[in-house]
Amino acid sequence: MQSVISEIIQKALKKLDVRIEEQEIESKIEIPPSIDLGDYSFPCFFLAGRLKMEPSQIALELREEIGSLKLSENFQDIQTSGGYINFFIDRKVLALNTINQILNQEQEYGRANLGQGKKALVEHTSLNPNASPHVGRARNAIIGDSIVKILAFLNYKIEVHYYVNDVSKQIAMLALVNAEKLKFESMLKKYVSIADKVKKSKKIEAEVFDFLKRFEQGDKEIVNKFKKITDTCIKGQRMILSKLGINYDFFDYESKYMQSSREILVELQKTGKLFQDEDGRMVLNQAGTPLEGQMKAPFLVLTRSDKTGLYPLRDMAYTINKMKIAEKNIIVLGEDQKLYFQQIKEALALLNVKAPEVIHYSYILLSGKGKSKKMSTRKGEVVLLEDFLEDAIKKAKKEIQKRKTKGDPNKVGIGAVKYSILKNSNNKIINFNLDEALNFEGDTGPYLLYSYARASSILKKARPKNKKLFIDDLESKETELIKKLSQFPEIVLNSYKNLNPSIIANYSYQLAQIFNEFYHSCPVIGSEKEFFRLKLVETFRIVLKNSLYLLGIETMDRM
């Protein structure tokens, strides 16, 4: 409906010799705080400077022009109030159009051809291949996977990439202690042990750096060690993440970019910003950029004193390659990498290369476990994702048995974890409590899944005799549900524009709440409006399924 309003306003503005893109107009449309002020409102204040008129006068003139447009037939009334134009939707038209559109489109409802088949590359997760992932790292993968689904829903052709940091101090430490002989499950313990020793011994640390240098020089023995460790870890990490339904199209290895990263040094030398410091390292001077006030010293170190490259140099080479692959590029990073990403972005700008769009997310705290601090793989202060998922599934099974309901514990447990992460805005710290996440009441994944199963059960039991829609006498809860269903396409677009799946997650909960209120207030089976209300139940089921799909949550017909 917002797109209809923006089209109306754009046409009315043209008659006043004002040209504004529909996208800008749509971004200004608001939902009034009171139903007395309409279903949607358009503020005219931002037009005052362009038209040299009072906002209230602009609203009056636009209202007059809108009245002559055919599209205004979608509304029962259009009024002005001060500098606002208030739109009152024709409830019957909205109900009929929304129900028919959802039933006709089903799983296509909410989709748009925004991507027009263009390629989009999303890089997410990209864990160090040195151990089993902990719960905190799951947030990256879950957000990334949801973004992938949203982009595909809007007709982008997607590539999902995982950047493998196989030229790292972490791998070198494991190679030093012959970890290539270990199974994946044993890597974490070995890594924590050697990390502690390296921290305490300069001699051992020097051996680690020697391994890195030999790797870059192509020493076959060292390269083979690194490869075996990396392959073991990547295979293990893929297996765990696949339990969340998360998969990847490409695994891009950092070692592939060693040669091209050396070429970047040559290009940066031409900018006059690259210098060698007193320790013999190659350093990029970032003074004079917006970063200067954020750093003690505005410098980005790109090599060690022996001229072996550091991670940022190869990351730049990798990013340059990514930007050539797709029209739209997105990367998901922890908030602790905000400054680093800005450093890379400024460095790329010197080479006339754009950086990807970035999604930064905050960390996860587990209630009762390390509540006051982040998890650390190096220190061994972690709750492993694999163990956490197993615990979630076990608890889900117990809850299902306690409630004497039917449902798949895997879907309930994993859905609970995903929803609890995605309902929070990306920049919000999550204090995760598994028992709360698995509650069947309130703002939880199981509540949404149960609402979907309830709708499925109603549809399965129904045998309507009278198949009349009865749109003439809409009740408030019916109207409220229809309005919410009609908003789904706009919610998807809003989530896409903000790269924020929590918008869809919060909508899913609000939709389920409204449906359950409707269900309790408006009897479905056996009522004289049974057929119409069954159609509402059916459309709710379609929209909730589409919404949960974008969050990576599988639905069930029975719970």
Any carboxylate oxygen within less than 4.0 angstrom of a Lys/Arg side-chain nitrogen, looking at Lys406 and Asp557?
no

Between Lys149 and Asp145, is there a salt bridge with N-O shorter than 4.0 Å?
yes

Can you check whether Tyr509 and Tyr447 have ring centres sitting under 6.0 Å from each other?
yes

Look at atom CZ of Arg403 and say whether more than 12 heavy atoms of other residues, nucleotides or ligands are closer to it than 6.0 Å.
yes

Find out whether Phe440 and Ile400 are in side-chain contact, i.e. whether some heavy atom of one side chain is under 4.5 Å from a heavy atom of the other.
yes

Checking Leu365, Ile421, Val135 against Phe432 for side chain to side chain contact (heavy atoms under 4.5 Å, CB included), the one that qualifies is Ile421

Is it true that Asp231 and Lys235 have a side-chain N and a carboxylate O under 4.0 angstrom from each other?
no

Lys270 bridged to Glu267 by N-O distance under 4.0 Å
yes

Centroid separation under 6.0 Å, is that true for the rings of Phe226 and Phe211?
no

Would you say Lys345 has more than 12 foreign heavy atoms packed within less than 6.0 Å of its NZ?
no

Grab the two heavy atoms, one from Glu159 and one from Ile325, that are nearest each other, plus how far apart they are.
OE1-CG2, 3.5 Å

Can you tell me if Thr230 uses its side chain to pair, donor with acceptor, with the backbone of Lys227 under 3.5 Å?
no

